[in-house]
Amino acid sequence: QVQLVESGGGLVQAGGSLRLSCAASGSSFSVNFMGWFRQAPGKEREFVATISWNGGYTYYADSVKGRFTISRDSAKNTVYLQMDSLRPEDTAVYYCAARTISGLAYDAVAYSYWGQGTQVTVSS
């Protein structure tokens with residue numbers, strides 16, 4: 001099994017920044033992609049960003065391009081999400097997820113392992 005633990009969420013004013021972290025641990029596994037998703041009340045879980053574990057290639061939702069940056073530290077088995085220029089509509093629970101099958105994927109069902117989520121609230 002794979003365990004993912006997110007941290008770094010909180011309350012921030014519009015225009016501010018937050019950095020989320022996700023530490024992965026567990027038994028023998030092979031992670032091909034790590035991703036970030038978010039879910040606001042009454043809305044479906046939404047893709048935010050993903051990164052290929054070996055190559056570090058990154059992909060973003062249109063809504064966060066130019067504002068968010070995903071990165072990883074392979075030695076620490078940790079993925080980060082740097083969020084800048086935050087807007088009230090970014091308010092959501094943010095989840096870290098891992099995909100063990102090769103191939104880029106944007107849908108939540110393609111990711112097998114999930115963290116518990118961390119709340120991000122952006123005030124106006």
Side-chain angles (χ1 to χ4, degrees):
Q1 63 272 22
V2 177
Q3 293 180 317
L4 304 174
V5 180
E6 304 102 326
S7 62
L11 175 65
V12 65
Q13 293 183 336
S17 299
L18 285 173
R19 190 190 193 197
L20 306 183
S21 299
C22 174
S25 62
S27 60
S28 180
F29 67 94
S30 179
V31 174
N32 285 278
F33 290 85
M34 294 286 287
W36 288 96
F37 293 77
R38 65 188 183 186
Q39 188 166 24
K43 299 182 66 177
E44 295 182 352
R45 192 160 297 187
E46 175 188 28
F47 169 77
V48 175
T50 191
I51 185 168
S52 63
W53 197 248
N54 290 331
Y57 304 110
T58 59
Y59 310 90
Y60 299 91
D62 289 340
S63 59
V64 306
K65 284 182 179 178
R67 300 189 298 121
F68 291 9
T69 303
I70 188 171
S71 62
R72 54 92 166 106
D73 185 334
S74 297
K76 296 182 181 295
N77 290 323
T78 300
V79 64
Y80 306 94
L81 185 68
Q82 177 67 43
M83 304 184 294
D84 299 320
S85 302
L86 283 163
R87 306 164 180 168
E89 54 262 41
D90 294 319
T91 296
V93 176
Y94 283 70
Y95 296 91
C96 174
R99 174 173 166 83
T100 58
I101 301 172
S102 63
L104 176 65
Y106 303 107
D107 198 283
V109 300
Y111 291 76
S112 300
Y113 302 97
W114 294 83
Q116 82 287 354
T118 185
Q119 177 70 48
V120 172
T121 302
V122 184
S123 65
S124 59

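Residues take their numbers from the sequence shown, with the count starting at 1.
- In the hydrophobic cluster analysis, where Ile, Leu, Val, Met, Phe, Trp and Tyr join through side-chain heavy atoms closer than 4.5 angstrom, M83 is grouped together with W36.
- Of all heavy-atom pairs spanning M34 and C22, the tightest one is CE-SG, 4.1 Å.
- Judged by distance alone, the side chain of S85 and the main-chain N or O of G15 form no donor-acceptor pair under 3.5 Å.
- Atom-to-atom distance recorded for Q82:CD and L20:CG is 9.0 Å, nearest 0.5 angstrom.
- Atom CG of L104 sits about 9.0 Å away from atom OG of S52, to the nearest 0.5 Å.
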Next on the checklist: Applying salt bridge (charged side-chain N to carboxylate O under 4.0 Å, His left out) to K65 and D62, what does each step give before you reach the verdict?
Outcome noted: CA-CA 5 Å; K65 284 182 179 178; D62 289 340; 3.2 Å; yes
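- The CZ atom of R87 lies 14.5 Å from the OG atom of S124; values are rounded to the nearest 0.5 Å.
- In terms of heavy atoms, L4 sits closest to Q116 at O-OE1, 3.7 Å.
- Contact between L11 and S123 at its shortest, heavy atoms only, is CD1-CB, 4.4 Å.
- There is no path of hydrophobic side-chain contacts, each under 4.5 Å, that joins Y95 to L18.
- Note on L86: it clusters hydrophobically with V64, by side-chain heavy-atom contacts below 4.5 Å among ILVMFWY residues.
- From N54, atom CG reaches atom OG of S102 across 11.0 Å, with rounding to the nearest 0.5 Å.
- Applying the ring-ring contact (aromatic ring centres under 6.0 Å, His included) definition to pairs two or more places apart or across chains, those involving residues 41-93 are F37-F47, F47-Y106.
- Residue V93 is grouped with residue Y111 when hydrophobic side chains (ILVMFWY) are merged at heavy-atom distances under 4.5 angstrom, including chains of intermediate members.
- A donor-acceptor pair under 3.5 Å is formed between the side chain of T91 and the backbone N or O of V122.
- Scanning all heavy atoms of the two residues, the minimum distance from S71 to V79 falls at O-CG2, 3.1 Å.
- Nearest heavy-atom pair, T100 versus Y113, reported as atom, atom and distance to 0.1 Å: CG2-CE1, 3.8 Å.
- The backbone N or O of I101 lies less than 3.5 Å from a partner atom in the side chain of R99, making a donor-acceptor pair.
- Under the 4.5 Å side-chain heavy-atom criterion for Ile, Leu, Val, Met, Phe, Trp and Tyr, L81 and W114 are members of distinct hydrophobic clusters.
- Evaluated for a salt bridge (charged side-chain N to carboxylate O under 4.0 Å, His left out) with R38, the options E89, E46, E6 yield exactly one hit, E46.
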